[in-house]
Amino acid sequence: MTILAPDERFVHRPLSTKEPFDPDPALTRPLGLLVAAAGATLRRGRLAEVRPDSRSVVTGDGETIGYDTLIVAVGARTVPALGPPAITFSGASDAAAVREMVDDVARTALAGRDVALAFVVPPGPGWDLPAYELSLASAHALELAGATPLARVLLVTPERRPLEIMGDVPSDAVAKDLAAARVEFVPDADVRDYDGAELHAAAGRRIHADRVVALPHFTGPGIAGLPRDPQGFVPATWTDSRVPGLERVFVIGDAGGFPVKQGGLACQQAQLAAHAICVALGIESDLEAWEPALRVAMWNGEGHRYMRVDLGGGHSESVGVTSDREELWTPGEKIAGRFLPGLLDGSGRESLIDWAPRPPHDIDAV
Ligand SMILES: Cc1cc2nc3c(=O)[nH]c(=O)nc-3n(C[C@H](O)[C@H](O)[C@H](O)COP(=O)(O)OP(=O)(O)OC[C@H]3O[C@@H](n4cnc5c(N)ncnc54)[C@H](O)[C@@H]3O)c2cc1C
């Protein structure tokens, strides 16, 4: 196995929402060590082009590398959804700007002035959770600074209800979390622009905001030689992560066509690809169990709320939900995968994510 990657360090992106408030040393790890632990060889470089006819890829430096099987896992590209003075949060490199903005909001409120800080989820494919975590943690920090109620935190999103994709029970639980933290939830808002005082949403709607942090738009990776859907993502079959029309080419994670860009889902897609490869090589595999699920550990500035929703039967159909503050998988890593947590903590242990299904419930309501 050869891993072609430009990075010196692996970045565990889910921890980046903690970075403005409570930096975690586990945010990055040396990529070379992780790759070696997985029994692969790291080759530094960037995938520029796939040439399926000759079963080879071309790197950004013009090198050609042959493959028997190719897994494309280059992630998505992000572009700001709103221009300045809004700031964009795409990951840890934007943490300092968010911290500065939260501190500025606190100072303004402590000087006796009303100030509204909005976190904006843009329409389109992506993963909304970071906006929830940032707004909850910011509200917590502003409360600790004594800046509330003059400092208000808004969460502005196209969703109809909090973390809608997770289904009814988790959504209700998240609504309670937002209310308890005094985060104002602004639903049904397709924000297109910000003029420094108001967010401009579809249908002429205006939402007042003094400071704005927006999540970015996600677009496809734009690798030559790969098919792309209208948004530039690489199409994949839902059940085995293959790129339709290309032999022995798989795509997993944010680069693929599934609109939810979530790490736990990427791990499941990786398992499906690994299973298909094992089968093709005549190797026994127990990786195929395909019960697609979203597993979410939502950080709120102090702790986590754990949630799970099955995606069985269709791309976003909820068929069962569980939401509580217990760890629903072990270890309770933010990216729930069978192998990733053990690789990251160096133990090599497999995670337990396939516990017996529980009936939907919200522990706070019991
Ligand atoms: C702030 C934030 C919080 C999140 N929280 C959670 C969470 O709590 N739980 C969860 O499950 N998910 C979460 N996610 C989503 C999760 O991080 C992503 O879904 C996941 O990282 C996708 O993995 P990936 O490998 O597809 O892409 P990435 O993680 O983006 O990795 C792609 C890698 O490919 C490299 N690369 C890029 N282009 C090339 C190229 N041309 N050639 C070679 N290499 C290339 C990149 O440098 C990068 O290392 C969060 C995301 C963000 C941004």
Side-chain angles (χ1 to χ4, degrees), residues 2-20 24 27-29 31 34-35 42-50 57-61 63 65 70-78 88-95 98 119 121 125-134 137 163 165-166 213-226 233-234 236 241 250-270 273 293-300 304-308 329 332-337 340-341 344 353:
T2 301
I3 294 188
L4 176 70
D7 317 284
E8 292 280 336
R9 299 187 71 83
F10 171 87
V11 180
H12 198 43
R13 293 165 64 201
L15 296 181
S16 58
T17 47
K18 287 183 84 179
E19 208 55 15
D24 191 325
L27 178 72
T28 72
R29 326 277 159 91
L31 183 62
L34 296 179
V35 170
L42 181 61
R43 190 155 170 172
R44 288 228 190 280
R46 199 166 262 287
L47 175 68
E49 185 183 348
V50 178
V57 299
V58 181
T59 71
D61 297 332
E63 270 182 281
I65 307 172
L70 177 69
I71 300 182
V72 178
V74 294
R77 284 185 188 162
T78 55
T88 301
F89 185 86
S90 301
S93 55
D94 304 310
V98 171
F119 291 88
V121 177
W127 182 232
D128 303 345
L129 185 75
Y132 286 80
E133 296 185 325
L134 290 173
L163 219 51
I165 189 161
M166 297 304 292
V213 179
L215 298 186
H217 280 305
F218 282 66
T219 64
I223 304 286
L226 292 175
F233 296 102
V234 184
S241 307
F250 298 82
V251 61
I252 60 173
D254 291 4
F258 191 67
V260 183
K261 308 296 177 191
Q262 202 243 6
L265 206 54
C267 288
Q268 295 168 68
Q269 293 163 347
L294 288 176
R295 298 175 177 89
V296 170
M298 183 182 74
W299 185 66
N300 65 7
H304 292 90
R305 175 179 283 282
Y306 287 83
M307 298 168 246
R308 175 187 194 275
W329 53 93
E333 284 279 346
K334 280 178 68 60
I335 291 188
L340 186 66
L344 292 180
I353 57 170

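Counting starts at 1 for both ligands and their atoms, following the listed order. The structure displayed is predicted, hence computed values, not measured ones. Computation of the quantities below employed the complete heavy-atom set of this structure, encompassing side-chain atoms and omitting hydrogens, waters and symmetry-equivalent molecules.
Residue contacts with ligand 1 for Lys261 involve N, CA, C or O but no side-chain atom from C-beta outward (heavy atoms, distance under 4.0 Å). With a heavy-atom cut-off of 4.0 Å, Val11 does not touch ligand 1 at all. At a 4.0 Å heavy-atom cut-off, ligand 1 touches Val74 through backbone and side chain alike. Using a 4.0 Å cut-off between heavy atoms, Ser90 contacts ligand 1 through its backbone alone, with no side-chain atom that close.
Distances shorter than 4.0 angstrom occur between a heavy atom of Ala73 and an atom of ligand 1. Look at Phe10 and you'll find every heavy atom at least 4.0 Å from all atoms of ligand 1. Remark: distances from the non-hydrogen atoms of Ala336 to ligand 1 are all 4.0 Å or more.
For a threshold of 3.5 Å applied to N or O pairs, the pair formed by Ser16 and ligand 1 contains no separation below that value. At under 3.5 Å, a nitrogen or oxygen of Leu47, whether backbone or side chain, sits near a nitrogen or oxygen of ligand 1. Taking only nitrogen or oxygen atoms, main chain and side chain alike, Arg295 does not reach within less than 3.5 Å of ligand 1. Considering both main-chain and side-chain atoms, Ala297 never comes within under 3.5 Å of ligand 1 through any nitrogen or oxygen pair. On a distance-only criterion, Asp7 and ligand 1 share at least one N/O pair closer than 3.5 Å.
Of all heavy-atom pairs between Asp254 and Lys261, the closest is O-NZ, 3.2 Å. Closest non-hydrogen pair, Pro341 versus Glu333, comes out as CB-CG, 3.6 Å. Residues Asp128 and Val121 approach most closely at OD1-CG1, 3.3 Å, considering heavy atoms. Here the shortest heavy-atom pairing between His304 and Tyr306 reads CB-CE1, 3.6 Å.
Among protein heavy atoms, the minimum distance from atom 44 (N) of ligand 1 is reached at Pro6 CD, 3.3 Å. Protein heavy atom in closest approach to atom 30 (O) of ligand 1: Arg13 NH1, 2.8 Å. Protein heavy atom at the shortest distance from atom 16 (C) of ligand 1 is Gly263 N, 3.6 Å.
The option with the heavy atom closest to atom 2 (C) of ligand 1, from among Gly60, Ala92, Pro130, is Pro130. Evaluated by nearest non-hydrogen atom to atom 50 (C) of ligand 1, the leading choice among Trp299, Trp127, Phe218 is Trp127. Here atom 4 (C) of ligand 1 lies nearest to Pro14 when heavy atoms of Pro14, Ala95, Ala270 are compared.
Residues Ser241 and Val251 form no side-chain contact, since every pair of their non-hydrogen atoms from C-beta on lies 4.5 Å or further apart. Side-chain contact between Glu63 and Arg43 is present, with heavy atoms from C-beta onward closer than 4.5 Å.
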